[in-house]
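Quantities reported herein were computed from a predicted structural model and do not represent experimental measurements.
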Protein chains: 2
Amino acid sequence: MQTIEEILKIKKVNNTAIRTVVLRHLLSQEKAQSLKDIENVLVHTDRSSIFRTLKTFEKNKVIHSIEDGSGMLKYAVCAKGCNCDPKDLHYHFYCNNCNKTFCLFDIPVQNIELPDNFKIQQANMVVKGLCNNCNK
Amino acid sequence: MQTIEEILKIKKVNNTAIRTVVLRHLLSQEKAQSLKDIENVLVHTDRSSIFRTLKTFEKNKVIHSIEDGSGMLKYAVCAKGCNCDPKDLHYHFYCNNCNKTFCLFDIPVQNIELPDNFKIQQANMVVKGLCNNCNK
DNA sequence: CTTTTGGCGCAACTCGATTGCAAAGATTAT
DNA sequence: ATAATCTTTGCAATCGAGTTGCGCCAAAAG
Ligand SMILES: [Mn+2]
Ligand SMILES: [Mn+2]
Ligand SMILES: [Zn+2]
Ligand SMILES: [Zn+2]
């Protein structure tokens, strides 16, 4: 497991107090976090600072964002070695009951046969339903 | 091909002038339409009326919505027989260059092997990249 | 010490989505 | 035909996530 300092160094993001605590929080959560989620934890930190931290992280591929249809972008830490390329593509699961969103890193994604001359660059794949906790 | 009247009848949506013209517009477009797209066409119809028309259509499975990351929800007419169930799942393609979003009805989606006890109900699958027109 | 650069907090703003309400239209009951 | 009822529409207001301008401050460079 890499430390927060190592991750930021590898991704060429300057380390600051806010960045450390935001990344630590994201790493501690199994579910992807929205800006509001993080605001609710870092109550003394300004929203725009958290926002810019997330954008910096995303630009430098420390994290990636997920549009799960909740109306709020969610953010999750990239897997080690991830470069946000098509090869790093993975599904996400959004639970309609508990509203948890998370990466399904372990489920292989089929090679998608696009029509002739189409080129994939990224993807946003969200499966919605009931998670194991809510599917009783 | 079904007529607009037939579609609305099958989906149990009362026919009105606005609903007819909105559905006709959606059917005439190959790319999924945003509320704003439709506003720009139906310049004499109020936004909220179009909005509610779309919500009514979506609830009754005349259309489905797609979150393509552009910040605006897109809407596309469901295929004949579609019930917006997992079996009706299909990919969408968003062109990063021309910003066109559309359904890839012809590309099969593999059965996604979710973790134990997870249940799929819907999905939002968007592949992003360059369409055949823009991939030069 | 002085200058430069990057990060932060605050406040304001944008814009897509959504809603309350009353008028208009359509349908059904009397 | 008229009254009561339900549905649809238009208008204006509001919500809220996301975003930005700007000045301050602290660390790094000169
Ligand atoms: Mn992910
Ligand atoms: Mn579709
Ligand atoms: Zn759940
Ligand atoms: Zn294109």
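In this structure, the CG atom of Asp37(A) is 11 Å from the P atom of dA17(D), given to the nearest Å. Atom CD in Glu67(B) sits about 12 Å away from atom P in dG18(D), given to the nearest Å. Nucleotide dT19(C) holds its P atom 14 Å from the CG atom of Leu54(B), rounded to whole Å. Going from atom CG of Asn15(A) over to atom C1' of dA27(D) covers 13 Å, rounded to whole Å. Rounded to an integer number of Å, the gap from Ile18(A) CD1 to dG9(C) C1' is 9 Å. In this structure, NZ of Lys36(B) is placed 11 Å from C1' of dT14(C), rounded to the nearest angstrom. Taking atom CD1 on Ile50(B) and atom P on dA17(C), their separation rounds to 12 Å, with Å as the unit. Rounded to whole Å, atom C1' of dT7(D) lies 18 Å from atom NZ of Lys12(B).
Arg47(A) comes within 4.0 angstrom of a base, heavy atoms only. Residue-level contact check: Ser34(A) touches neither bases nor backbone, having no heavy atom under 4.0 Å from any strand.
You'll find that the side chain of Phe51(B) is closest to dT19(C), out of dT19(C), dG18(D), dG9(C). Looking at the side chain of Arg19(A), the nearest of the listed nucleotides dG7(C), dA17(C), dG18(D) is dG7(C). The side chain of Leu35(B) approaches dA17(C) more closely than any other nucleotide in the set dA17(C), dT9(D), dC8(C).
Residue Val13(B) is the one, among Lys74(A) and Val13(B), whose nearest nucleotide of DNA chain D lies closer to the 5' end (criterion: closest heavy atom). Judged by closest nucleotide on DNA chain C, Met72(B) is the one of Asp46(B) and Met72(B) placed further toward the 5' end.
Phosphate contact (OP1/OP2 of dT8(D), side-chain N/O of Asn14(B), threshold under 4.0 Å): present. Distances shown here put every side-chain N or O of Arg52(B) at or beyond 4.0 Å from the OP1 or OP2 atom of dT18(C). In terms of phosphate contacts, Ser48(B) brings no side-chain nitrogen or oxygen within less than 4.0 Å of OP1 or OP2 of dT19(C). A sub-4.0 Å separation between OP1 or OP2 of dG10(D) and a side-chain N or O of Ser49(B) is present.
Comment: Lys74(B) does not engage Glu67(B) in a salt bridge, judged by the lack of any side-chain N to carboxylate O separation of less than 4.0 angstrom.
Although no hydrogens or angles enter the test, the distance criterion places a donor-acceptor pair under 3.5 Å between the side chain of Asn135(A) and the main chain of Asn117(B).
The shortest side-chain heavy-atom distance between Phe118(A) and Ile120(A) does not fall under the 4.5 Å cut-off. In this structure the side chain of Ile66(A) reaches within 4.5 angstrom of the side chain of Thr101(A), judged on heavy atoms.
Annotation: Tyr75(B) is not in aromatic contact with Phe57(B) [ring centroid separation under 6.0 Å not met].
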